[in-house]
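Here the structure is laid out as structure tokens; the discussion comes afterwards.
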Amino acid sequence: MAWWRTYFDEIFFQLHDSLFPEEESRREVAAILDLLGLPAGSRILDVPCGWGRHTLLLPEAGQESFGADLSVDLLRRAASGAREAGVPNRFAAADLRFLPFRDGAFDAVINVFTSLGLFLEDAEDIRALAEARRVLRPDGLFLLESMHRDDVICSYAERDRWRLPNGIEVRVRRRFDPVRGISYERLRWRRGEEGGEKRHALRLRTATEIDGLLAAAGFVDVRYYGDWSGEPLTHESPRVIAVARNPG
């Protein structure tokens, strides 16, 4: 079974929630809307949406937000957040490659947090991108945010450790395959008497590779940025942010 089918569970949430404070999510949402340049009332799909840290903030800017994710645990968190925020619960359980929405349903689709690297193979990522394009209206926009392989490899950490505010101790070991471009990670966590291990494999891509995938999926007029402030992409940029158009 593919690792990503079970990886994004309640433990994943406990390990990552504190790494993304609300003020950071708000800055990212503001940047997303600035880069997309859409009017209020636009229909935006966040996929995969996780626990909805971006999806739940978009309505504050007057947008209609929708989320889709494969993880039932994270969707449960998203639904709870929607109730607390008093916003519509528009979340669906779905694989990136098989979205339960009609053709041309959205003005924009966003894919953040290096989610495109989960499948490891180009063919599967192209399927996911083509599906995002299918649910976009003609001239609709697709925003992709990913780790930048050029930057990651410059400071690749084979071992790491940290302590989270919720008391969880984390230790990580990593191995990078330079031919396939895959980073393999084993994470061990402990809090008191509780503990466990999680493993994943993530495809890290250069901007050149990302550009090829977007073109293969039929996107055009791609703009690239190196961070959420809209700075130009360079070989030292910490991330790759692409905004592409669906030609229809």
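A quick note: this is a predicted structure, and the numbers were derived from the prediction, not measured.
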Would you give me the side-chain donor-acceptor pairs under 3.5 Å for residues 51-67, sequence neighbours excluded?
| unit_1 | atom_1 | unit_2 | atom_2 | d |
| --- | --- | --- | --- | --- |
| Arg53 | NH1 | Ser25 | OG | 2.9 |
| Arg53 | NH1 | Glu28 | OE1 | 3.2 |
| Arg53 | NH2 | Glu28 | OE1 | 3.3 |
| His54 | NE2 | Glu28 | OE1 | 2.7 |
| Thr55 | OG1 | Asp46 | OD2 | 2.7 |
| Glu60 | OE1 | Arg26 | NH1 | 2.6 |
| Glu60 | OE2 | Arg26 | NH2 | 3.1 |
| Gln63 | OE1 | Ser42 | N | 2.9 |
| Gln63 | NE2 | Pro39 | O | 3.3 |
| Ser65 | OG | Thr55 | O | 2.8 |

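Ring planes of Phe20 and His16: parallel class, angle under 30° (limits at 30 and 60°).
Salt-bridge formation is not detected for the pair Glu169/Arg171: no Lys NZ or Arg NE/NH1/NH2 atom is positioned less than 4.0 Å from an Asp or Glu carboxylate oxygen. With salt bridges taken as basic N to acidic carboxylate O contacts below 4.0 Å, none links Arg43 and Asp107. Note on Glu158 versus Arg174: no salt bridge recorded, every NZ/NE/NH1/NH2 to OD/OE distance being 4.0 Å or above. Using a 4.0 Å cut-off between charged nitrogen and carboxylate oxygen, Arg180 and Asp177 do not count as a salt-bridge pair. Between Glu231 and Arg239, no side-chain nitrogen of the basic residue sits less than 4.0 Å from a carboxylate oxygen of the acidic one, so the salt-bridge criterion is not met.
Relative to the ring axis of Phe13, Arg76 does not place its NZ or CZ within 45° and under 6.0 Å from the centre.
With rounding to the nearest 0.5 Å, the separation of OG in Ser183 from CZ in Arg175 is 9.0 Å. With rounding to the nearest 0.5 Å, the separation of CG in Asn166 from CG in Asp17 is 8.5 Å.
For residues 205-220, the salt bridge (charged side-chain N to carboxylate O under 4.0 Å, His left out) pairs, not counting sequence neighbours, are Asp122-Arg205, Asp125-Arg205.
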For this session: Would you please test Leu144 and Leu116 for side-chain contact (heavy atoms from CB on, under 4.5 Å) and show each step?
Result: CA-CA 8 Å; Leu144 172 71; Leu116 195 66; 4.0 Å; yes
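Under the 3.5 Å distance criterion, the side-chain polar atoms of Arg133 are matched with a main-chain donor or acceptor of Gly248.
Taking the six-membered ring wherever Trp is involved, the centroid distance between the rings of Tyr184 and Phe176 does not fall below 6.0 Å.
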